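Because the structure is predicted, anything quoted here is derived from the model rather than measured. Letters go in sequence order (proteins before strands), and every chain restarts at 1.
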2 protein chains.
Amino acid sequence: MTTGMHDSDVEAEVSSRSRFLDAALDLFVEHGYNGTSLQMIGDRLGVSKAAVTYHFKSKDDLIRAVIAPAFHELQELLDGAEAIKRESARRTHALDGYVDYLIRQRRVASWLSRDVAAIGHPVVYEPAQQLTGRIDALLIAGPHDEIAQIWGSAITQALTGPILNPVSISDGDLREQLLAIGHQLIRGHQAAVRRSTKSD
Amino acid sequence: MTTGMHDSDVEAEVSSRSRFLDAALDLFVEHGYNGTSLQMIGDRLGVSKAAVTYHFKSKDDLIRAVIAPAFHELQELLDGAEAIKRESARRTHALDGYVDYLIRQRRVASWLSRDVAAIGHPVVYEPAQQLTGRIDALLIAGPHDEIAQIWGSAITQALTGPILNPVSISDGDLREQLLAIGHQLIRGHQAAVRRSTKSD
DNA sequence: GTCTATAGCGCGATAGAC
DNA sequence: GTCTATCGCGCTATAGAC
């Protein structure tokens, strides 16, 4: 036990917020945010829907709590990567960290990539927009023209693809393939830039 | 006017099914299937929500009608591609056709890729599952092991990425970049297969 | 053939029992 | 502090006016 809580807190802790967050995320992944009712979350834990609105005063509060850890982790990664001066080292660090983030937070990441209702939610929209803009800027070299936008969205979507449907492969092997996918598309973008400047 | 309808049908035709389908798709793209009510669709066309359930007897019927043209087009493409004997020619034809499909049907394609509620809908789920399985099989060479699954999902997701957020680029230039992305990832997969067989 | 009116249901949220 | 009971709302779907 590495936390500082008392023995009497153990049972309360296990049956508390994190269980609700876990159940909610499971259901958001499967049915989407709008398709998941507080009733469904309560049923899964054997409590009433009122028990859910007790722990989280609204459904808005719940979605904020579910995404917070992933957004926080991604933000720290971006802060660290953006502090790196050399472009190629910065890009490599961002790709490594983003792949790690996707694997560690794959449930949240795959949910948000497939649920327009969640991304469009007032609580989620603006921070998500900002984070994706920053990761795009880190992964793509050169000016942010139309071609960079296209390849940038291709990279982030390509990295998300393999985490959508669980594959029977170790996290380490998955990481290796995701990095290969990222580097392959970064090279592809650079080649596309060379092609377009040559034809100018 | 290339259709055979009478002049008296013109006004009825313009204000009929296709207008409902177009408005519904617009709203599905923006708010998701569960986030779009019949009320919202009626409001956009200046009619009551009952007018929507008159043309389509249920919301299930509506989603079926919205996706039908895109699914039909994709199915014809797959039938044609699968009839090609030589693997590399089959793969090239599938990639070309799939990119054309994504550009022509970009609203439906980007909606379905971002709305778990729509993909999970009974009317959509099974045909969509079958179509994505077939396109994956066409685009990826060799045995369908874990690595093939990973790169297959990376390719289809990467191709979908650039159509999600409209970019100010012509369809022709977009097509060129999507083909480059597809070929780049197909080459990446082949290199990954060589790496993994060498290390066995 | 197209609409209004409304039924019937499930939702998120809350007041108050315990 | 945690639950039960319930409120008010918006949803899909339908019956029936026009």
Listing time: all N or O pairs from protein to nucleotides 11-18 of chain C that are below 3.5 Å?
unit_1: dC11(C); atom_1: OP1; unit_2: S37(A); atom_2: OG; d: 3.3
unit_1: dG12(C); atom_1: OP1; unit_2: K59(A); atom_2: NZ; d: 3.2
unit_1: dG12(C); atom_1: OP2; unit_2: L38(A); atom_2: N; d: 3.0
unit_1: dG12(C); atom_1: N7; unit_2: K49(A); atom_2: NZ; d: 3.3
unit_1: dG12(C); atom_1: O6; unit_2: K49(A); atom_2: NZ; d: 3.2
unit_1: dA13(C); atom_1: OP2; unit_2: K59(A); atom_2: N; d: 2.9

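No salt bridge links R17(A) with D22(A); every basic N to acidic carboxylate O contact stays at or beyond 4.0 Å. With respect to the salt-bridge test (charged N to carboxylate O, under 4.0 angstrom), the residues E82(B) and R90(B) do not qualify. Note on D26(A) versus R44(A): salt bridge recorded, some NZ/NE/NH1/NH2 to OD/OE distance being below 4.0 Å.
Here the P atom of nucleotide dC3(C) and the CD1 atom of I41(B) are 14 Å apart, to the nearest Å. Between L27(B) atom CG and dT12(D) atom P there is a gap of 12 Å when expressed in whole angstrom units. For the pair L45(B) CG and dT2(C) C1', the interatomic distance rounds to 14 Å; values are reported in whole Å.
Considering only side-chain N and O atoms, S48(A) lies nowhere under 4.0 angstrom from the phosphate OP1 or OP2 of dC3(D).
In this structure, R195(B) CZ and I147(B) CD1 are separated by 8.5 Å, a value rounded to the nearest 0.5 Å.
Put simply, the side chain of D115(A) gets close to the backbone of Y33(A): a donor and an acceptor are under 3.5 Å apart. Panel note: side chain H31(A), backbone L27(A); no donor-acceptor pair is recorded below 3.5 Å.
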